[in-house]
Amino acid sequence: NWVAGTFGGALELTGSCNVTFPADRLGLTSDIGSVAFWMYADIPSGINTLFWAGDNLTGGGFGAENEMHVHLEAPHAQYWTGGELSFFAIANPNTFLHSDPTKGAPGTTPVNPVLLGDLQWHHVAAIWGEGTVMMYIDGVLITESAYTSSSYDLTHIFMGQMGGGSRTY
């Protein structure tokens with residue numbers, strides 16, 4: 001549904017819908033690219049996929065599939081405060097950024113996360129290529145890491161779900 005947004009209209013994703021992009025016309029690859037969007041969310045009750053792109057439709061997340069995705073994470077034991085953003089890309093080695101630049105590897109305790117589940121509008125950008133992957137929130141570089149692409153086409157691109165239809169937003 002189209003609803004009121006910060007600059008005119010906004011797309012409301014309800015968890016039972018998604019947007020499929022014309023990947024064949026976009027020509028996006030894992031070698032170099034970016035995704036940027038405005039988001040408004042509460043703390044999620046699960047892992048909510050905002051952006052997913054891959055060369056297949058099996059993308060259940062974090063497996064052997066060639067994919068990249070941006071998620072909003074739910075509170076989970078000692079690993080997520082809730083409302084943290086994560087960006088994952090199959091690469092060489094795999095890349096995992098989160099909106100807590102001082103947190104260690106995936107599965108470690110949050111230190112000082114930037115939380116987005118606060119019912120405020122935030123601008124998010126994930127950029128990859130030329131040896132670096134970066135995550136920006138509200139125009140501020142939150143974290144970056146070395147990046148070596150595994151060179152695959154992003155032939156399926158969604159907003160609001162994983163390639164396999166799970167982890168909806």
Side-chain angles (χ1 to χ4, degrees), residues 2 5 7 9-13 15-41 44 46-73 80 84-101 103-107 113-114 116 121-169:
W2 283 104
F7 304 108
L11 183 63
E12 178 182 42
L13 297 172
S16 61
C17 60
N18 69 71
V19 175
T20 303
F21 287 93
D24 58 330
R25 291 187 292 194
L26 295 176
L28 197 57
T29 71
S30 66
D31 296 326
I32 188 168
S34 64
V35 61
F37 48 87
W38 285 93
M39 62 172 285
Y40 178 94
I47 299 173
N48 296 152
T49 303
L50 299 152
F51 166 80
W52 185 92
D55 68 355
N56 58 74
L57 288 173
T58 61
F62 313 111
E65 303 92 355
N66 288 327
E67 62 183 277
M68 52 182 47
H69 36 85
V70 178
H71 286 104
L72 192 62
E73 301 285 348
W80 301 104
E84 291 154 285
L85 198 68
S86 66
F87 175 69
F88 174 80
I90 294 288
N92 186 20
N94 293 344
T95 300
F96 188 71
L97 301 178
H98 32 87
S99 62
D100 186 346
K103 180 177 177 174
V114 175
L116 293 144
W121 284 101
H122 295 282
H123 187 263
V124 172
I127 301 166
W128 60 92
E130 299 184 359
T132 306
V133 62
M134 297 172 276
M135 179 192 299
Y136 288 83
I137 298 175
D138 296 330
V140 176
L141 176 63
I142 298 298
T143 187
E144 65 182 308
S145 181
Y147 179 75
T148 302
S149 173
S150 293
S151 293
Y152 49 92
D153 291 335
L154 302 175
T155 53
H156 304 281
I157 303 172
F158 299 98
M159 294 285 289
Q161 75 171 37
M162 299 287 288
S166 63
R167 296 184 177 164
T168 60
Y169 178 80

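- Rounding to the nearest 0.5 Å gives a distance of 5.0 Å between CE of Met135 and CG of Leu97.
- By the side-chain hydrogen bond (donor to acceptor under 3.5 Å, both in side chains) test, Trp121 pairs with Thr6, sequence neighbours left out.
- The CG atom of Leu85 sits 10.0 Å away from the NE2 atom of His71 when rounded to the nearest 0.5 Å.
- The closest side-chain heavy-atom distance from Tyr152 to Ile90 is below 4.5 Å.
- Here the CE-SG distance, from Met159 to Cys17, works out to 11.5 Å after rounding to the nearest 0.5 Å.
- Nearest heavy-atom pair, Leu13 versus Gly160, reported as atom, atom and distance to 0.1 Å: CD1-CA, 3.8 Å.
- Contacts classified as side chain to side chain donor-acceptor pair (under 3.5 Å) and involving residues 129-138 (residues at least two apart or in different chains) are given here: His122-Asp138.
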Side-chain polar contacts of residues 143-151 - donor-acceptor pairs under 3.5 angstrom, sequence neighbours left out - could you list them?
from   : atom 1 : to     : atom 2 : distance (Å)
Tyr147 : OH     : Ser30  : O      : 2.6
Ser149 : OG     : Ser30  : O      : 3.2
Ser149 : OG     : Ser30  : OG     : 2.8
Ser149 : OG     : Asp31  : OD1    : 2.8
Ser149 : OG     : Ser151 : N      : 2.8
Ser150 : OG     : Ala91  : O      : 3.3
Ser151 : OG     : Asp31  : OD1    : 2.8

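- Atoms CG and OG1, on Asn56 and Thr155 in that order, are 7.0 Å from each other to the nearest 0.5 Å.
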Working for side chain to side chain contact (heavy atoms under 4.5 Å, CB included), residues Phe37 and Val70: CA-CA 11 Å; Phe37 48 87; Val70 178; 4.1 Å; yes

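- With sequence neighbours excluded, no residue forms a ring-ring contact (aromatic ring centres under 6.0 Å, His included) with Phe21.
- In this structure, Thr49 and Ser166 approach most closely via the heavy-atom pair OG1-O, 4.4 Å.
- In this structure, a donor-acceptor pair under 3.5 Å is present between the side chains of Trp52 and Glu67.
- Residue Tyr169 comes nearest to Asn48 through the heavy atom pair CD1-CB, 3.5 Å, listed as atom of the first residue, atom of the second, then distance.
- Residues His123 and Ile137 fail the side-chain proximity criterion, which asks for heavy atoms closer than 4.5 Å.
- Leu50 CG to Leu116 CG: the interatomic distance, rounded to the nearest 0.5 Å, is 9.0 Å.
- Judged as a side-chain contact (heavy atoms from CB on, under 4.5 Å), and not counting sequence neighbours, the contacts of Ala53 are Phe51, Met68, Leu154, Ile157.
- Closest non-hydrogen pair, Ser34 versus Leu28, comes out as N-CD1, 4.5 Å.
- No donor-acceptor distance shorter than 3.5 angstrom exists from the side chain of Trp128 to the backbone of Ala89, with no hydrogens or angles considered.
- Between atom NE2 of residue His156 and atom CG of residue Asp24 there is a gap of 10.0 Å, rounded to the nearest 0.5 Å.
- Note on ring orientation: taking the six-membered ring where Trp is involved, the planes of Phe96 and His98 are tilted (angle from 30° to 60°).
- Defined by atom type and a distance below 3.5 Å, a donor-acceptor pair is missing between the side-chain atoms of Glu84 and Ser99.
- With sequence neighbours excluded, the residues that form a side-chain contact (heavy atoms from CB on, under 4.5 Å) with Gln161 are Asn18, Phe158, Thr168.
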